[in-house]
Amino acid sequence: MEKGSCCDNNGLKKGVWTKDEDNKLRAYIQRYGHWNWNLLPKFAGVSRSGKSCRLRWMNYLRPNMKHGNFTEEEDNVIISLHNKIGNKWSTIATRLPGRSDNEIKNRWNAHLKKRVKDNQTLSRSEHIRALKPDLINLEVNLVKETNLELQDQEEDQIIYPIVSFESSSSSSRSFK
DNA sequence: AATTTCCGCAACCGCATAAAT
DNA sequence: CATTTATGCGGTTGCGGAAAT
């Protein structure tokens, strides 16, 4: 049998999706759409729960999905938004075309959380100095935009995120 | 070269909310 | 309105490959 294959107590397959399952699911949804996730696997010829199918589609099979290789800009968007709204992964995902909430959550937990934590002793001005100049405008605009959309805050209450760059000098972060 | 530990990622689970009956 | 069923979300797990020992 294939590695990682396993069934739940209803005999439905669990674990990693095979190429064949992907093809069946993709082919079905591209032709008929997803009108009912519970019934869909039967019609698509996939022995999975509807929930599993939905997840697979949303995270991986949907058109135009990117995978891996987050750009500095994407990381900054995640950090900025997370700083502002917390673990609202699906909301954050709406700002990153081609990225699923799941992937963003993974990115945060595996990489960005630690990076931000390591820099939490930086003051706001130190944070601003730590930003690469060409990214400051992008960053500030994004944060302003987000603050406006989400809850109409006064500009001086905007919380600026803390972002580090591997290539930047450490001189600005040696004391607090 | 063999074994263990680490880590990224895909997928699962439980719960909350929405929609249907 | 109450109950059931479907969907969406976020926390968490565990597999498998990479790195370390």
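By convention in this document, chain letters (A, B, ...) are assigned in the order of the sequence lines, proteins followed by strands, and residues within each chain are numbered from 1. Because only heavy atoms are used, hydrogens play no part in the values below, and waters and symmetry mates are left out as well, while side chains stay in.
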Partners of [X] by salt bridge (charged side-chain N to carboxylate O under 4.0 Å, His left out), sequence neighbours excluded?
X: A:Arg48; result: A:Glu21
X: A:Asp20; result: A:Lys24
X: A:Lys88; result: none

Rounded distance (Å) that lies between atom [atom2] of [N] and atom [atom1] of [X]:
X: A:Asn36; N: C:dT7; atom1: CG; atom2: P; answer: 5 Å
X: A:Arg54; N: C:dG8; atom1: CZ; atom2: C1'; answer: 5 Å
X: A:Asn38; N: C:dT5; atom1: CG; atom2: P; answer: 11 Å
X: A:Trp89; N: B:dA16; atom1: CH2; atom2: P; answer: 20 Å
X: A:Asn87; N: B:dA16; atom1: CG; atom2: C1'; answer: 16 Å
X: A:Lys88; N: B:dT17; atom1: NZ; atom2: P; answer: 10 Å
X: A:Ile104; N: C:dG10; atom1: CD1; atom2: C1'; answer: 13 Å

Checklist entry - Does a side-chain N-to-carboxylate-O contact under 4.0 Å join A:Glu74 and A:Arg107? => result no
Item to check | side chain to side chain contact (heavy atoms under 4.5 Å, CB included) partners for A:Leu12, two or more places apart | outcome: A:Asp8, A:Asn10, A:Ser47, A:Ser49
Checklist entry - What pairs with A:Arg54 under side chain to side chain contact (heavy atoms under 4.5 Å, CB included), at least two apart in sequence or on another chain? => result A:Trp37, A:Met58
Checklist entry - When every nucleotide of nucleotides 7-15 of chain B is labelled 5' to 3' by its protein contacts under 4.0 Å (heavy atoms), B for base, S for sugar-phosphate only, - for none, what sequence of letters results? => result -SSBBBSBB
Item to check | Presence of A:Trp35 side-chain N/O under 4.0 Å of C:dA6 phosphate oxygens OP1/OP2 | outcome: no
